[in-house]
There are 4 protein chains.
Amino acid sequence: MRFLTAGESHGQKLVGIIEGLPSGMKISKESVDEALRQRQRGPGRGGRMAIEQDEVQLISGVRGGLSTGAPVALEILNRDWENWASIMAWGDEADLESRKVMTPRPGHADLTGALKYRTEVRNILERASARETAMRVAIGSIVRQGLSALGVEIRGHVRAVGGVHAEYKDEADYWRRVKQSEWSVGDPVAEQKMGERLLAAREQGESLGGLLEVQVLKVPAGLGSHVQWDRKLDGKLAQAVLSVQAMKGVSFGLGFEAGERMGSLVHDPIHYHQGQGFRRGSNHAGGIEGGMSNGEPIVLQAVMKPIPTLYQPLDTVHLETKEVVKASVERSDVCAVPAALVVLEHVVAWVIAEAVLEKFPADSFKELQTAWEAYQAYLIL
Amino acid sequence: MRFLTAGESHGQKLVGIIEGLPSGMKISKESVDEALRQRQRGPGRGGRMAIEQDEVQLISGVRGGLSTGAPVALEILNRDWENWASIMAWGDEADLESRKVMTPRPGHADLTGALKYRTEVRNILERASARETAMRVAIGSIVRQGLSALGVEIRGHVRAVGGVHAEYKDEADYWRRVKQSEWSVGDPVAEQKMGERLLAAREQGESLGGLLEVQVLKVPAGLGSHVQWDRKLDGKLAQAVLSVQAMKGVSFGLGFEAGERMGSLVHDPIHYHQGQGFRRGSNHAGGIEGGMSNGEPIVLQAVMKPIPTLYQPLDTVHLETKEVVKASVERSDVCAVPAALVVLEHVVAWVIAEAVLEKFPADSFKELQTAWEAYQAYLIL
Amino acid sequence: MRFLTAGESHGQKLVGIIEGLPSGMKISKESVDEALRQRQRGPGRGGRMAIEQDEVQLISGVRGGLSTGAPVALEILNRDWENWASIMAWGDEADLESRKVMTPRPGHADLTGALKYRTEVRNILERASARETAMRVAIGSIVRQGLSALGVEIRGHVRAVGGVHAEYKDEADYWRRVKQSEWSVGDPVAEQKMGERLLAAREQGESLGGLLEVQVLKVPAGLGSHVQWDRKLDGKLAQAVLSVQAMKGVSFGLGFEAGERMGSLVHDPIHYHQGQGFRRGSNHAGGIEGGMSNGEPIVLQAVMKPIPTLYQPLDTVHLETKEVVKASVERSDVCAVPAALVVLEHVVAWVIAEAVLEKFPADSFKELQTAWEAYQAYLIL
Amino acid sequence: MRFLTAGESHGQKLVGIIEGLPSGMKISKESVDEALRQRQRGPGRGGRMAIEQDEVQLISGVRGGLSTGAPVALEILNRDWENWASIMAWGDEADLESRKVMTPRPGHADLTGALKYRTEVRNILERASARETAMRVAIGSIVRQGLSALGVEIRGHVRAVGGVHAEYKDEADYWRRVKQSEWSVGDPVAEQKMGERLLAAREQGESLGGLLEVQVLKVPAGLGSHVQWDRKLDGKLAQAVLSVQAMKGVSFGLGFEAGERMGSLVHDPIHYHQGQGFRRGSNHAGGIEGGMSNGEPIVLQAVMKPIPTLYQPLDTVHLETKEVVKASVERSDVCAVPAALVVLEHVVAWVIAEAVLEKFPADSFKELQTAWEAYQAYLIL
């Protein structure tokens with residue numbers, strides 16, 4: 001299974017193609033649209049979110065509510081496009097001057113992209129923009145529906161924003177609050193402080209990052225492999241996480257705390273329960289040992305840097321005059337941590353789905369389910 | 001460029017093949033052997049290190065000291081093999097009983113691997129062992145020699161062991177001490193404490209992990225790409241780091257600290273210096289923006305969990321009887337952080353070399369150098 | 001560089017994404033549309049060709065007439081779609097009954113696809129249809145424009161249709177006639193006979209295949225590589241050719257005649273001409289030795305079987321009743337050899353372009369041109 | 001599943017690594033050695049065959065006669081190596097002069113390889129040599145053993161040598177004779193003529209090519225896929241065939257004859273037999289429709305050009321002086337068609353095995369067998 005995405009932030013639309021999906025899998029456009037809505041919410045968003053109201057179009061590979069096995073093409077229109085049509089036009093008539101960018105923004109792909117591709121900064125930022133993650137959410141949502149039908153559950157919460165940390169308790173109550181929270185935070189005290197921190201940041205022309213956590217529940221032991229470096233599941237998850245705009249780090253289970261402790265306080269003892277198979281007494285490993293899922297929840301944390309577009313912009317250099325100037329300002333959010341959480345959940349869904357399809361036969365979803373259930377039964381013998 | 005490795009911990013040898021190396025690149029066996037020696041040193045190593053004395057054999061693809069463009073096959077003999085020959089034999093005569101493992105070790109691939117591959121634990125741990133990283137160091141060392149000829153420098157140091165943190169100063173003196181330190185630590189006070197921590201751990205049948213940092217200097221802006229998720233350089237580096245045994249997290253530049261700060265304290269202002277091109281006033285990004293190297297040093301940190309084999313083993317379950325027992329003990333180290341640093345440096349070298357060849361495809365090293373120099377000249381215009 | 005295509009024969013549109021195109025490459029929509037028109041012509045086409053009038057939409061990755069380095073998304077609308085909208089609908093409201101296919105056509109993917117994907121034949125034939133090659137022509141046309149700017153020329157002609165063989169002469173006159181011929185044939189006598197053969201076939205409810213030849217001129221020596229099996233240029237070209245619907249064989253240069261002759265009558269002596277470098281006295285190898293282009297024109301031939309949809313259909317089996325019945329008839333052509341030639345030229349263009357980008361540095365087209373010209377100069381030293 | 005090979009014709013050894021083999025698969029060294037012996041036989045071979053007596057070494061990934069799931073490393077020693085050790089040495093002490101090649105042989109990779117890799121011809125021909133196919137046979141033999149355990153049978157015969165064509169009858173008797181024939185030919189009259197043709201060629205310093213056929217029996221419908229161009233089984237087989245040294249063309253079923261006939265004489269009517277499922281009345285398609293196996297035997301033909309090294313060498317150019325000279329002569333065969341047949345069978349085995357694992361991903365052979373048998377049962381319902 002593989003996918004490609006295309007499309008610019010102010011282009012006509014985002015386009016994606018998924019190749020290798022099993023046939024006969026139920027696909028709901030509503031579920032994709034709901035994921036897209038989730039990605040647009042959050043208290044720190046700029047004006048664009050109101051404009052977007054993203055909606056997916058299923059162009060191919062789905063018929064009568066079921067995948068056909070053929071490639072699935074997806075589109076998401078950019079509703080602001082008509083205002084940009086002449087600027088972004090593919091032909092000679094394009095207006096290349098009006099929105100030319102000569103003052104690359106620190107923290108973005110602007111400068112390096114322009115140097116690498118020897119092109120104007122506008123051409124870089126249009127593609128480097130996190131707008132592209134809308135399509136990755138749509139694609140992730142498609143495969144997540146399949147995972148969900150197998151019983152795999154993916155969930156996430158925001159652990160910190162701009163230095164304000166939530167107190168996490170792995171309880172039903174906490175997770176219920178996460179769902180209701182516009183911050184995706186289950187700790188109401190922290191949530192309120194985050195709101196205050198956001199207001200302050202907005203006032204100062206600043207931006208905020210944070211700490212995010214994604215969990216994958218009910219994954220069987222044995223996804224990924226230890227036999228070759230590039231087949232390790234944690235490696236693939238790490239790549240996917242770091243491929244999301246603004247992510248600067250990822251860790252599993254105890255994460256960086258694992259380096260501080262003695263071994264006996266890190267590793268998870270193995271138990272056995274009749275009818276459940278092998279389980280662990282703790283989950284410090286975050287569900288991955290030897291590059292494979294070990295049957296416990298996969299738990300990963302990621303850090304997101306503050307959005308680099310600042311309304312009080314940093315110093316940069318004018319590309320022609322080489323004078324010191326302030327960086328350009330594209331419309332931007334102050335804090336996109338809850339939105340990024342939705343993106344993370346969906347890129348994680350992709351990696352898990354890919355690992356599932358590497359392990360189980362599945363031209364059709366029916367075969368996948370049969371193989372999946374047989375394996376689950378084997379595991380609890 | 002791609003590679004595969006093969007070989008078991010107690011098999012006859014490790015084997016590697018590198019495909020896609022340019023021709024005409026100087027390759028020194030001594031440099032590879034030196035890297036292998038570096039990997040074997042460190043104060044926390046078990047008895048095996050004395051046995052190994054690793055040495056590479058260059059089987060193909062190199063002639064008269066230069067690569068030919070043909071695949072480079074490498075071998076590293078396992079000197080302990082003769083004691084294991086009958087146990088590891090490929091044929092029917094193999095002694096499958098003597099070293100059978102029925103008590104999987106927490107923290108290793110043992111249990112999951114055995115479930116996934118439906119085979120005895122011995123077959124899993126032999127391949128999952130960090131012994132395999134010797135070949136990855138050898139392979140990394142080959143491409144690192146090419147990077148070095150282009151002026152790219154890779155270096156690393158240990159930032160913490162078992163909770164003892166070194167105080168890092170980016171000074172020549174510090175780096176000189178790192179080179180002389182068996183801990184790869186530039187802070188002598190911390191180094192002494194690490195030794196004490198190690199002694200205590202060994203006494204208690206415990207093991208230690210730590211925090212490692214790798215830096216890549218003199219990389220031009222523009223390796224990797226923002227245009228598609230799987231081409232981002234930080235994503236690829238993250239995958240490579242997490243693919244090293246015992247790594248549980250990776251971060252770039254400020255790392256997890258980036259989520260705590262306001263945006264203006266995170267992003268690196270852009271400057272311009274005649275004759276040097278664009279530079280940054282700080283390097284909080286760790287040399288990567290938009291999935292591309294930005295011309296500043298690439299700086300990444302990784303956390304290593306303590307080695308899971310404990311001489312005071314954790315609880316596990318006997319695979320047949322399902323009784324609670326102590327985990328088996330394979331010969332092991334108490335702390336392998338300095339060795340892991342060498343591995344990290346070399347897997348990073350691979351990713352950088354791959355990114356270089358993606359940007360400057362090259363049948364011969366001469367063409368690579370020409371393209372490289374032309375690009376460097378372009379960057380400082 | 002890579003691409004994916006999506007879309008069904010009667011779906012809303014075909015979609016394609018090209019990833020890895022250099023920036024700064026001139027892209028003309030007109031050239032793509034002209035290639036699409038070429039694909040639709042020919043004397044043996046059914047009614048659909050009139051309906052289609054294919055036209056590409058450039059959705060992303062091109063601005064102001066130049067590629068930006070970002071993925072290029074392409075669309076081709078299916079003009080007949082409105083008549084099929086309810087049949088092909090992605091949602092539960094789809095009319096799955098009206099155009100259900102229970103009588104799989106021999107020679108198509110119908111039966112095997114339905115068995116493999118456990119789905120209705122309609123879902124298979126919609127994707128397996130040669131309609132999909134319209135997108136491959138569009139994609140090939142994009143990269144062919146780049147090749148053309150480098151001086152590489154691709155051309156093709158039809159060598160035989162339904163047993164009528166043209167007498168080929170490699171002369172300007174012949175090629176001029178090929179361009180004017182609706183059969184893409186340079187031999188007017190053969191062309192007339194082909195027309196007669198077509199009429200007869202149409203009358204009998206039959207279909208015709210033929211023999212096609214594609215040539216790539218002004219390719220330098222050294223594309224592809226001998227060092228690993230999957231890097232050989234002839235292997236890649238062969239895969240691309242066989243991936244086109246209805247192709248059953250491919251050969252290079254002398255082709256199957258090479259097995260009949262003594263060695264001295266097969267291999268091409270090496271000459272040297274001041275200012276031209278190494279050339280061959282003949283081109284029996286079809287421009288490829290050792291899996292690499294050798295500097296002579298690449299010449300390949302492909303055989304196309306007759307279109308399997310017959311208006312006098314063959315026997316098949318009703319999928320439910322298992323009764324012997326006549327195969328279903330989808331609207332179809334009697335002979336599509338000239339159209340297939342256009343497809344072949346464009347899939348060949350892709351493989352050549354890919355090989356060029358594997359050999360030369362090219363984030364931007366300017367770098368590609370510089371490297372290309374330096375290499376050409378080196379070759380004639 | 002993937003593999004890499006390495007090694008030069010006169011180097012110390014050939015090396016191969018197979019990655020992704022299921023565990024628990026029976027692997028017999030004897031079977032590999034027998035395949036290697038088959039590759040060395042044939043009446044047209046030069047002196048080297050006596051020297052080689054190839055034998056595989058199983059270095060890793062196999063224990064107690066079963067695959068472990070870990071990568072399988074293989075070696076084949078070059079018995080002639082000791083005579084070449086100083087010439088092929090990797091270090092500075094290598095004797096680069098004694099066997100320097102300045103007169104590239106037409107028909108080989110010699111000239112193009114030297115231009116591309118900017119290296120001496122010796123470095124090219126050592127890797128481009130068909131010696132490398134010994135490792136591909138060994139690798140193919142490993143996966144062929146797994147296919148065989150699933151009931152898949154691969155067989156081949158020589159259809160023509162140097163213009164002498166065998167009269168093929170698909171009868172048990174014919175195939176019995178093929179096995180006994182040193183020419184792999186089942187027609188004794190043709191076989192005798194081939195011997196005479198060989199004698200004549202040898203006397204004249206000439207070489208011979210021929211026509212080869214490989215068949216794959218008992219492959220279920222549904223390997224490969226129609227949904228994306230690069231997943232078509234015929235395309236992959238074509239690439240594999242053309243990747244074998246000296247192959248200049250490949251065709252399936254009727255092959256080039258398919259272009260000559262009317263459609264009704266080309267396509268294979270679909271039948272249904274209780275207990276057997278869907279079958280075809282003929283097999284003109286060679287077992288592949290829509291890029292997928294259709295359940296009938298896969299039948300492909302390949303043409304092999306005469307070996308390009310001629311004892312009466314062709315004209316070439318001295319690389320330094322640019323004078324017209326005779327091409328150099330490396331020890332060579334007069335005709336290697338029967339040997340090439342063995343290579344073809346094994347590269348075909350690889351592609352089929354890969355397609356099987358894409359359809360039935362499998363960590364263990366037992367899972368593969370279960371999925372395979374369930375699918376077979378489904379197909380005959």
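Labels below follow one simple rule: chain letters A, B, ... track the order of the sequence lines, proteins then strands, and each chain is numbered from 1.
Heavy atoms closer than 4.5 Å to chain A are found in the backbone of Ser293(B), but not in its side chain. Heavy atoms closer than 4.5 Å to chain B are found nowhere in Thr309(A), neither backbone nor side chain. At a 4.5 Å heavy-atom cutoff, the contact between Ile124(B) and chain A is made by backbone and side-chain atoms alike. Proximity to chain A (any heavy atom under 4.5 Å) is restricted, for Leu314(B), to the side chain, taken from C-beta onward. With a 4.5 angstrom heavy-atom cutoff, Asp110(B) does not touch chain A via any of its atoms. Of the atoms belonging to Asn294(B), heavy atoms from both backbone and side chain fall under 4.5 Å from chain A. For Gln204(B), the part sitting under 4.5 Å from any heavy atom of chain A is the side chain, from C-beta outward, and nothing else. Interface residue Arg105(B): only backbone heavy atoms are found under 4.5 Å from chain A. Looking at Phe278(B), only its side chain comes within 4.5 Å of chain A, counting heavy atoms on both sides. Contact of Leu254(A) with chain B is not made at all, since no heavy-atom distance falls under 4.5 Å.
Aromatic rings of His226(A) and Tyr117(B) (six-membered ring for Trp) have centroids within the 6.0 Å cut-off, being under it.
Salt bridge Glu289(A)/Lys232(A): absent, no basic N to carboxylate O contact under 4.0 Å. Salt bridge annotation for Arg280(A)-Glu296(A): absent, with no cationic side-chain nitrogen under 4.0 angstrom from a carboxylate oxygen.
In terms of heavy atoms, Pro306(A) sits closest to Arg261(B) at CG-O, 3.2 Å. For Ala128(A) against Ala109(A), the heavy-atom pair with the smallest separation is CB-CB, 3.7 Å.
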